[in-house]
Enquirer: 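Structure provided below as structure tokens; questions to follow.
Please read all numbers here as calculations on a predicted model, not as lab measurements. Whatever order the structure lists them in is the order used to number ligands and atoms, beginning at 1.
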Amino acid sequence: MLIAGNWKMNTDASSCVELARGVVQESENAGVVRVTVCPPNVFLSTVGTVLNGTRVSLGAQNMHALGSGAYTGEVSGEMLHSLGCRFVILGHSERRQHFGETDAEVNRKVKKAIKVKLVPIVCVGENLDQRRAGREREVVASQVKYALEGFTLSSSNALIIAYEPVWAIGTGETASPVQAQDMHALIRKLVRQQFGEKIASGLHILYGGSMTPTNAKDLLSEKDVDGGLIGGASLNADVFGQIIQAAKDVEQGSRTASTT
Ligand code: PEP
């Protein structure tokens with residue numbers, strides 16, 4: 001189980017330190033649950049220093065598909081890797097929506113991230129109109145297929161997919177556990193077709209979209225939900241800690257069930 005915090009364009013030079021320290025504290029007893037936070041790029045180094053030697057790993061929210069060059073304002077995968085980042089969120093719906101990021105661009109970034117040994121957290125998800133029209137499976141299948149085109153994977157740990165229905169991001173609405181499980185199962189099936197059973201069964205598929213301490217346990221209990229990508233609720237260490245605890249409870253419950 002992986003619990004990832006997407007801080008988006010939030011915090012400042014001092015509050016990022018305070019939040020990172022809080023998350024470290026909340027993660028001390030996380031057991032087998034892995035925790036990562038993705039601060040704004042300008043604070044990666046500062047937050048990385050706080051996380052150094054702790055159980056919490058560092059991630060970024062985006063990167064350019066190329067390694068270096070005349071791309072003012074951009075950041076490369078190599079740069080993120082050199083700062084100690086382990087993960088990078090790619091294809092978040094806010095990037096697709098506000099910055100015109102296409103499936104083809106997401107695919108280029110995914111390939112580059114894997115090449116520089118970052119683990120991409122590839123976000124896919126339908127918007128409200130698409131769900132209302134009953135097109136959610138078609139939309140997500142197309143995003144997944146496009147994102148995964150043209151490369152092979154040697155390990156299921158080299159890639160993460162996050163199912164994030166756009167209508168649930170920052171809205172307070174969540175997919176029901178049944179809706180989430182249905183889409184996660186579809187994603188795993190597509191990964192199985194592309195990379196085979198071994199990769200598909202070990203792949204982490206995260207749910208994202210207004211996850212809170214209240215709904216986390218039900219969502220995380222679903223068979224194909226392997227963690228959460230959390231926006232708003234990751235900006236408060238105590239609240240984020242409660243989601244980590246929910247993940248831990250689910251893990252412990254499933255391990256107890258499998259030994260009885
Ligand atoms: C996100 O932006 O990835 C996200 C899941 O946001 P929120 O938890 O605020 O809906």
Enquirer: Hey, looking at atom 4 (C) of ligand 1, which of Gly228, Gly125, Ser234, Gly231 has the closest heavy atom?
Expert: Gly231
Enquirer: Please list, in number order, the atoms of ligand 1 under 4.0 Å from a heavy atom of Gly170.
Expert: 7 (P), 9 (O), 10 (O)
Enquirer: Measure the distance from atom 5 (C) of ligand 1 to every protein heavy atom, then report the residue, atom name and distance (to 0.1 Å) of the closest one.
Expert: Glu164 OE2, 3.1 Å
Enquirer: Any N/O of Ser210 closer than 3.5 Å to an N/O of ligand 1?
Expert: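 Yes, at least one N or O pair falls under 3.5 Å.
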Enquirer: Decide, yes or no, whether a salt bridge links Arg21 with Glu18 under the criterion of side-chain N to carboxylate O below 4.0 Å.
Expert: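 Salt bridge absent between Arg21 and Glu18.
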Enquirer: Going by the order shown, which atoms of ligand 1 are within less than 4.0 Å of some heavy atom of Ala168?
Expert: 10 (O)
Enquirer: Identify, by atom number and element, the atoms of ligand 1 in contact range of Gly208, meaning under 4.0 Å from any of its heavy atoms.
Expert: 5 (C)
Enquirer: Under a 4.0 Å N-O cut-off, is there an ion pair linking Lys189 with Asp224?
Expert: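 Answer for the salt bridge query: no.
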Enquirer: Strictly below 4.0 Å, N to O, side chains only: are Glu101 and Lys109 in salt-bridge contact?
Expert: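 Yes.
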Enquirer: Polar contacts were defined as any N/O atom of the residue lying under 3.5 Å from an N/O atom of the ligand; does this apply to Gly232 and ligand 1?
Expert: yes
Enquirer: Against heavy atoms of Gly209, which atoms of ligand 1 measure under 4.0 Å?
Expert: 5 (C), 10 (O)
Enquirer: Any nitrogen or oxygen of Ile169, side chain or backbone, less than 3.5 Å from one on ligand 1?
Expert: no
Enquirer: Charged N to carboxylate O below 4.0 Å: is that the case for Lys112 and Glu78?
Expert: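 Answer for the salt bridge query: yes.
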Enquirer: In plain terms, say whether Lys8 and Glu94 are close enough for a salt bridge, that is, a side-chain N and a carboxylate O under 4.0 Å apart.
Expert: yes
Enquirer: Should the heavy atoms of other residues, nucleotides or ligands under 6.0 Å from CD of Gln25 be counted, would the total exceed 12?
Expert: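 Open.
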Enquirer: Taking 4.0 angstrom as the limit and counting only heavy atoms of Lys8, give me the atoms of ligand 1 inside it, by number and element.
Expert: 1 (C), 2 (O), 6 (O)
Enquirer: Decide, yes or no, whether a salt bridge links Lys145 with Asp103 under the criterion of side-chain N to carboxylate O below 4.0 Å.
Expert: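 No, no charged N to carboxylate O under 4.0 Å.
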Enquirer: Quick one: which ligand 1 atoms are inside 4.0 Å of a heavy atom on His92?
Expert: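 Selected atoms, number and element: 1 (C), 2 (O), 3 (O).
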Enquirer: Would you indicate whether the side-chain heavy atoms of Val225 and Ile205 approach each other to under 4.5 Å?
Expert: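 They are not in side-chain contact.
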Enquirer: Salt bridge or not for Arg137 and Asp182, using N-O below 4.0 Å?
Expert: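 Looking at Arg137 and Asp182, the cut-off is met.
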Enquirer: Could a heavy atom of Ala233 be found less than 4.0 Å from some atom of ligand 1?
Expert: no
Enquirer: I'd like to know if Ala162 contacts ligand 1, where contact means a heavy-atom distance under 4.0 Å to any ligand atom.
Expert: no
